[in-house]
> 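If you scroll down you'll find the structure; I have some questions about it.
Side chains are part of it too, since the values below use all heavy atoms of this structure and drop only hydrogens, waters and symmetry mates. None of the values given here were measured: they were computed from a predicted structure. Every number for a ligand or one of its atoms is a count from 1 in the order of the listing.
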Amino acid sequence: MSRLIVVSNRVTPPGPEGASSQGGLAMAMSAALREYSGIWFGWSGQSTPEFTGEISMQSAGGVTVATMDLEEQDIQEYYNGYANGTLWPLFHYRIDLTQYERSFGAGYERVNARFADMLMPLIEPDDLIWVQDYHLIPLGRALRERGAKNAIGFFLHIPWPARELMATLPQHRQLVEAMFHYDVVGFHTDEWKNAFNNYVLHEVGGMQLTDGSVRAFGRTTLPRAFPIGIDAKGFAALKQSDAGIESYTRMIESKAGRKMLLGVDRLDYSKGIDERLLAYERLLNDSPELKRQIFMLQISTATRTELDAYQDIFARLDSISGRINGSMAEMDWIPIRNVHRMHSREELAGIYRAADVGLVTPLRDGMNLVAKEFVAGQDEDDPGVLVLSRFAGAASQMREALIVNPFSQEDVADGIRRALAMPKDERKRRWRALMDGVERDDVVAWRDSFVQALESARDGGRKKRAPRIAATRGEG
Ligand code: GDG
């Protein structure tokens with residue numbers, strides 16, 4: 001069996017005892033690497049005064065991890081700059097927040113070249129290489145330039161933007177050209193894949209072939225949707241752990257018979273947290289009889305705090321929730337519990353279980369795993385209701401959720417009202433259908449389908465089949 005080399009910006013293998021504070025993605029990657037006896041390569045998260053080209057190899061949780069440190073300037077231009085100051089907002093449709101700095105683009109290319117330089121000596125001819133996410137789009141090209149002939153796949157964890165937005169990026173063609181050095185490019189949904197194909201056909205005059213692959217820049221790649229999932233059984237089991245039961249019991253006690261609306265997010269402007277609070281305020285103003293009957297627990301953990309846009313959203317969230325609480329709270333009722341503390345996965349599972357309504361209302365999101373965790377966290381006999389934004393990739397799979405438009409306060413408020421009033425039979429029916437999907441399309445299914453596609457691309461490439469043209473060339 002071939003080895004699998006996973007490359008991501010950061011490397012987060014489980015601790016030696018399989019620490020459950022890690023997310024499902026880290027678990028799945030670790031499992032894949034154990035099965036394929038591979039390596040997980042990425043940035044250590046540490047800075048070094050001068051790039052040394054040293055790789056630190058360790059074995060963690062049965063997985064070999066290889067990490068390197070980056071210089072401060074690299075971190076500023078590549079990570080805080082191009083990845084999170086340019087691509088993240090642009091790919092989430094926030095051109096108002098997108099920073100178009102040339103130095104960021106140069107830093108991005110430089111660090112991707114460093115990744116390629118460091119990785120090349122570790123690669124053997126039969127290895128499958130799987131590159132993760134927007135930080136590393138040019139890595140496939142950089143590896144090809146250094147002579148890698150391996151099957152290389154890329155998976156994008158965030159949306160692919162509409163062609164008109166992509167065109168606002170200086171050197172957008174260069175970025176898209178880089179995608180064509182991969183044999184397979186994966187997206188969460190057909191919507192993101194179609195946005196990519198639309199760019200290829202209409203912006204650069206590419207063509208679509210009968211096997212689903214696309215051709216442009218003199219190269220061919222296979223774009224495909226691979227919806228990511230969670231470790232559904234593992235997550236459902238966490239709520240029965242000691243810490244899961246303890247947090248569930250604490251929540252039930254502190255609910256004092258009220259219904260709990262729950263939001264769990266990385267504190268990011270794409271997640272629609274401000275908009276959610278304002279919709280909740282609208283709900284309480286329009287339906288005052290709900291006051292004292294319900295409350296919202298919003299858990300938002302800080303990330304990317306070095307960037308202004310993230311400091312802004314932090315301050316805005318605290319100010320909006322403070323204002324709502326200040327104007328509406330009573331001596332024994334607070335409408336919003338605004339929590340920034342990080343919880344363990346077990347605690348989180350217990351909190352999901354105690355919630356009556358899960359509010360997952362991003363303005364734009366590649367998939368959103370919280371929606372799936374909320375479902376896996378529910379009790380079968382008395383499940384809560386998921387209110388889900390139509391702009392989360394998860395909405396294309398989770399049709400039995402109450403789908404809302406997060407830009408409309410009234411629509412979100414209607415969704416919450418409907419969720420609160422939903423009879424138990426309907427809640428159970430919807431939950432069963434959602435849980436079946438979460439269990440079927442879990443993170444292992446995601447990993448296996450991607451690796452299989454990569455293996456077929458490699459084997460197909462060896463046979464050199466030539467598929468025919470399916471769609472016409474765009475206007476160029
Ligand atoms: C990107 C894409 C895509 C949150 N608070 C705590 C905590 N979390 C965990 C959640 C969940 C994860 O963070 C967030 O996952 P999401 O999928 O919602 O979002 P992103 O971080 O933006 O992830 C996204 C994903 O990649 C995978 O492809 O779905 O669209 O944006 O797992 O549980 N975990 C713990 N304590 C917390 O307080 N332990």
Side-chain angles (χ1 to χ4, degrees), residues 6 8-10 12 14-15 19-29 83-84 87-89 91-94 130 132-135 154-161 186-189 191-192 225-232 234-235 238-239 241 243-244 247 262-273 297-304 310 313 337-353 355 358-377 386 388-389 391-398 438 441-443 446-447 450:
V6 172
S8 57
N9 170 52
R10 289 290 299 276
T12 50
S20 55
S21 59
Q22 296 295 336
L25 184 59
M27 292 296 188
M29 288 300 168
N84 289 323
L87 294 182
W88 177 274
F91 281 39
H92 287 88
Y93 283 59
R94 292 300 301 269
W130 189 6
Q132 308 288 325
D133 229 357
Y134 59 100
H135 315 84
F154 174 79
F155 188 82
L156 184 69
H157 289 262
I158 64 176
W160 185 272
F187 304 89
H188 284 310
T189 65
E191 188 180 347
W192 314 141
F226 302 90
I228 200 169
I230 60 166
D231 172 13
F235 196 83
L238 288 183
K239 63 181 184 245
S241 65
S247 74
L262 175 66
V264 176
D265 306 84
R266 246 181 351 85
L267 186 42
D268 192 291
Y269 47 79
S270 65
K271 303 290 181 186
I273 308 173
L297 171 61
Q298 175 60 48
I299 298 177
S300 339
T301 43
T303 51
R304 306 177 191 166
Y310 287 80
I313 171 143
R337 301 185 190 177
N338 172 25
V339 177
H340 295 309
R341 186 170 84 77
M342 182 92 182
H343 295 78
S344 71
R345 303 221 26 101
E346 288 86 347
E347 284 174 321
L348 216 49
I351 297 170
Y352 286 128
R353 185 181 168 201
L359 293 177
V360 179
T361 57
L363 307 180
R364 185 86 34 192
D365 214 335
M367 173 57 75
N368 196 295
L369 296 178
V370 170
K372 299 188 172 189
E373 291 168 2
F374 175 81
V375 168
L386 177 63
L388 178 61
S389 161
F391 301 112
S396 66
Q397 293 180 294
M398 306 181 83
V438 169
D441 303 324
D442 69 356
V443 70
W446 171 75
R447 176 200 79 192
F450 192 94

> Mark the output for W88 as yes if a heavy-atom distance to ligand 1 is under 4.0 Å, and as no if none is.
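So W88 counts as touching ligand 1.
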> So if I count the atoms of ligand 1 from 1 in the order they appear, which ones are less than 4.0 Å from some heavy atom of R266?
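Listed by number with element: 20 (P), 21 (O), 22 (O).
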> Is there a nitrogen or oxygen of H188 sitting under 3.5 Å from a nitrogen or oxygen of ligand 1?
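So ligand 1 has an N or O lying under 3.5 Å from an N or O of H188.
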> Please work out whether any backbone atom (N, CA, C, O) or any side-chain heavy atom from C-beta onward of D268 is under 4.0 Å from ligand 1, and answer side chain, backbone, both or neither.
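Neither part.
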> When the ring centroid of Y310 is compared with that of Y269, is the distance short of 6.0 Å?
yes
> In terms of atom number and element, which parts of ligand 1 are under 4.0 angstrom from non-hydrogen atoms of T301?
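Close to T301: 5 (N), 38 (O).
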> Would you check whether I158 has a nitrogen or oxygen atom less than 3.5 angstrom from a nitrogen or oxygen atom of ligand 1?
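There is no such contact.
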> Counting both backbone and side chain atoms, is some N or O of G366 under 3.5 Å from an N or O of ligand 1?
yes
> Can you see which heavy atom on P159 is nearest to which on R364, and at what distance?
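It is CG-CG, 3.8 Å.
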> One residue to check: N368. Relative to ligand 1, which of side chain, backbone, both or neither has a non-hydrogen atom less than 4.0 Å away?
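N368 to ligand 1: contacts from backbone and side chain alike.
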> Using a 4.0 Å heavy-atom cut-off, say whether L348 meets ligand 1 through its side chain, its backbone, both or neither.
side chain
> Less than 4.5 Å apart, side chain to side chain, heavy atoms only: is that true for Y352 and E373?
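In short, these two side chains touch, coming nearer than 4.5 Å.
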> Between I228 and ligand 1, which residue portion shows a heavy-atom distance shorter than 4.0 Å: side chain, backbone, both, or neither?
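Just the side chain.
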> At a 4.0 Å threshold, what atoms of ligand 1 neighbour a non-hydrogen atom of V264?
4 (C), 5 (N)
> Hey, does E347 sit under 4.0 Å from ligand 1 if you only count heavy atoms?
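Contact check E347 vs ligand 1: negative.
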> Does an N or O from I299, backbone or side chain, lie closer than 3.5 Å to an N or O of ligand 1?
no
> So for ligand 1, is H92 a polar contact partner (N or O within less than 3.5 Å, distance only)?
no
> Which ligand 1 atoms, with their elements, are less than 4.0 angstrom from a heavy-atom of V370?
10 (C), 18 (O)
> Any donor-acceptor pair under 3.5 Å linking the side chain of D231 with the backbone of G234?
yes
> Ignoring hydrogens and angles, state whether a donor on the side chain of D265 or Q298 is under 3.5 Å from an acceptor on the partner side chain.
yes
> Could you give the distance from CG (D441) to CD1 (I228), rounded to the nearest 0.5 Å?
12.0 Å
> Indicate yes or no: does an N/O atom of H343 lie under 3.5 Å from an N/O atom of ligand 1?
yes
> For the residue pair R266 and T303, confirm or rule out a side-chain donor-acceptor distance under 3.5 Å.
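Result is yes, a qualifying pair exists.
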> Does NZ or CZ of R304 come closer than 6.0 Å to the centre of the six-membered ring of W88, within 45° of the ring's axis?
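So R304 does make the cation-pi contact.
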> Are W130 and F154 an aromatic pair, judged by ring center distance below 6.0 Å?
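No - the distance between ring centres of F154 and W130 does not fall below the 6.0 Å cut-off.
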> Using a 4.5 Å cut-off on heavy atoms from C-beta on, say whether the side chain of L156 contacts that of F91.
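Yes, side chains in contact.
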